[in-house]
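Chain letters run A, B, ... following the sequence lines, proteins first and then strands; every chain starts at 1. This is a predicted model, so every value here is computed, not measured.
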Amino acid sequence: MSSARLTLVLGGARSGKSRHAESLISAHPAPWTYIATAQAFDDEMRERIGEHQARRDANWHTVDAPLALPEALAATRGPVLVDCLTLWLTNLMLGGHDLKSAFLALQEALEAVSGPVVMVTNEVGLSIVPDNALGRAFRDEQGRLNQRIADIADRVIFMVAGLPMVVK
Amino acid sequence: MSSARLTLVLGGARSGKSRHAESLISAHPAPWTYIATAQAFDDEMRERIGEHQARRDANWHTVDAPLALPEALAATRGPVLVDCLTLWLTNLMLGGHDLKSAFLALQEALEAVSGPVVMVTNEVGLSIVPDNALGRAFRDEQGRLNQRIADIADRVIFMVAGLPMVVK
Amino acid sequence: MSSARLTLVLGGARSGKSRHAESLISAHPAPWTYIATAQAFDDEMRERIGEHQARRDANWHTVDAPLALPEALAATRGPVLVDCLTLWLTNLMLGGHDLKSAFLALQEALEAVSGPVVMVTNEVGLSIVPDNALGRAFRDEQGRLNQRIADIADRVIFMVAGLPMVVK
């Protein structure tokens, strides 16, 4: 399974997505690239970023790409972890960027990489309809993006309580 | 697998439920019946209905059944797609209809059809408790309805990022 | 499968978690212990508790443990159903208790029991980010707790529309 060129790891909040994705990448020879899409707007986010960083050692090279994810993928060689598509989508939507062209650029970048690439994303649609329009738009776009990446991925994993379920 | 008499396709928002359900039905000889439970209350809903319609061709015969789903099933022969139980439940609850008798009528209609029937529904319970009583009641009733149909279905499929996981 | 010492049953609201957990326990010789973490604060909760109780017969011995779950597990012999971790976590957080020591005490109690023990819990992270800090904190802690118990469990089951999917 570790020979997959493109892997998508989906799951809920605190389902062990990042940890599992790191274990998939670190099965390959170091060094590894960590493409971080997070922006530390507030203390909650700073704390999460800190926890994730504390798990990674000197074999990881971190690249910040809150928006320029396609470009970061194109510029990287060797095993890559992208964490995560949900924050990338958040940054795109809050910044008023065109999602159609961003999704297309990401897809083209993924089709060009030699891999292995492991991408982390959230599944956000398994609740009642959100009571605000932005929430509804976000879960629609996240669902569309997840479907699109899952379609071109060699391997798709759904995380449940820290455990991987193989979907594809 | 395509010989199942009754199939339930569950998933989150934008998980590819409708598309997968259409592919299951169109594996059977045309013509196919599409029982639509949607009511176009607003622009968001009109847009969704339009997207779904654009995917279907002249081999599909559309029947609108926002409330009279059991009757529509009883009146139909050949392959049927019901899209979806979540909007049917919404219409029932907003209209103040008796859910117990509606669920019983649906179950009886499903037990009488020769099939194949594919029903689409949402899983809405995988979040924290909704902050309003209607939201809590809705997710309880949706869960009850899903369990009931899954129990009598020959096949149950959980969609993740456009990909089917076979549950039953 | 019924020989598992520790089983975790996860799922959404009204996904059939309690019913499935009861069926797993009642495959063992009676009597069975039901450790209830629910507190009847309001009518909605009283109704839920009543529904669950109505399913259980005289072979069940009920122990109320809204907070003292580790102690209740340590004091029990024979097959045990814990229903559920989500209400236990709610009680801990609303009461301002230290989660770190509570989680550790639970883990130690579970490692000491001879079993079989079946624990019910909710997966609550598969939606967009909750709009309030307590909601976000709750889903983080629930996710952490679920991962921790899943890690030491012999068997983990994800419920979808009343049907079990084996995760581990």
Side-chain angles (χ1 to χ4, degrees), chain A residues 9-20 23 38 41-45 47-48 51-52 55 84-87 89-91 93-94 120-143 145-146 157-167, chain C residues 6-15 17 84-86 89 93 99-100 103 107 110 119-161 163-168:
Chain A
V9 177
L10 297 104
R14 296 288 173 186
S15 64
K17 302 180 301 293
S18 296
R19 188 180 294 268
H20 187 67
S23 76
F41 287 120
D42 57 28
D43 287 349
E44 270 187 48
M45 190 54 81
E47 190 186 331
R48 265 162 207 262
E51 281 182 38
H52 283 200
R55 274 213 300 274
C84 66
L85 288 181
T86 301
L87 292 172
L89 177 61
T90 303
N91 297 336
M93 289 182 72
L94 293 182
V120 171
T121 193
N122 282 66
E123 164 60 56
V124 301
L126 291 157
S127 68
I128 59 170
V129 178
D131 59 11
N132 65 87
L134 180 61
R136 291 193 295 276
F138 186 85
R139 74 171 193 166
D140 279 357
E141 296 299 346
Q142 178 74 85
L145 177 59
N146 289 349
I157 292 169
F158 181 57
M159 298 299 299
V160 173
L163 301 169
M165 297 184 83
V166 176
V167 182
Chain C
L6 175 58
T7 301
L8 183 65
V9 178
L10 297 104
R14 296 288 174 186
S15 64
K17 302 180 300 294
C84 66
L85 289 182
T86 302
L89 177 60
M93 289 182 73
L99 299 182
K100 196 173 170 184
F103 288 6
Q107 184 171 338
L110 287 171
M119 310 193 86
V120 172
T121 193
N122 282 65
E123 164 60 55
V124 301
L126 290 157
S127 68
I128 59 170
V129 178
D131 59 10
N132 65 87
L134 180 61
R136 291 192 295 275
F138 186 84
R139 75 170 192 167
D140 279 356
E141 295 299 346
Q142 179 73 86
R144 285 191 187 101
L145 177 59
N146 288 350
Q147 283 192 51
R148 192 154 172 171
I149 307 302
D151 184 51
I152 60 172
D154 306 293
R155 180 170 53 171
V156 176
I157 293 169
F158 181 57
M159 299 299 298
V160 173
L163 301 168
M165 296 183 83
V166 176
V167 183
K168 176 184 181 178

A:Ala161 versus C:Ala150, closest heavy-atom pair with distance: O-CB, 3.4 Å
Apply side-chain contact (heavy atoms from CB on, under 4.5 Å) to C:Leu126 and A:Val124, showing your working. CA-CA 5 Å; C:Leu126 290 157; A:Val124 301; over 6 Å; no
Looking at C:Val167, C:Asn146, C:Leu10, which one has more heavy-atom pairs under 4.5 Å with chain A than the rest? C:Val167
Per-residue contact mode, C:Ile128 against chain A (heavy atom under 4.5 angstrom): both
Give a yes or no answer on whether the side chain of C:Gln147 reaches the backbone of A:Arg14 with a donor-acceptor pair at less than 3.5 Å. yes
To the closest 0.5 Å, what do you measure between OG (A:Ser15) and CD (C:Gln142)? 12.5 Å
Looking only at C:Lys168, C:Arg136, C:Arg148, most heavy-atom pairs under 4.5 Å shared with chain A are made by C:Arg136
In terms of heavy-atom pairs under 4.5 Å with chain C, which of A:Ala13, A:Pro164, A:Gly16 leads? A:Ala13
Using a 4.5 angstrom heavy-atom cutoff, name the option from A:Gly12, A:Ser127, A:Gly11 with the most pairs to chain C. A:Gly12
Minimum heavy-atom separation for A:Met165 to C:Val166, with atom names? CE-O, 4.2 Å
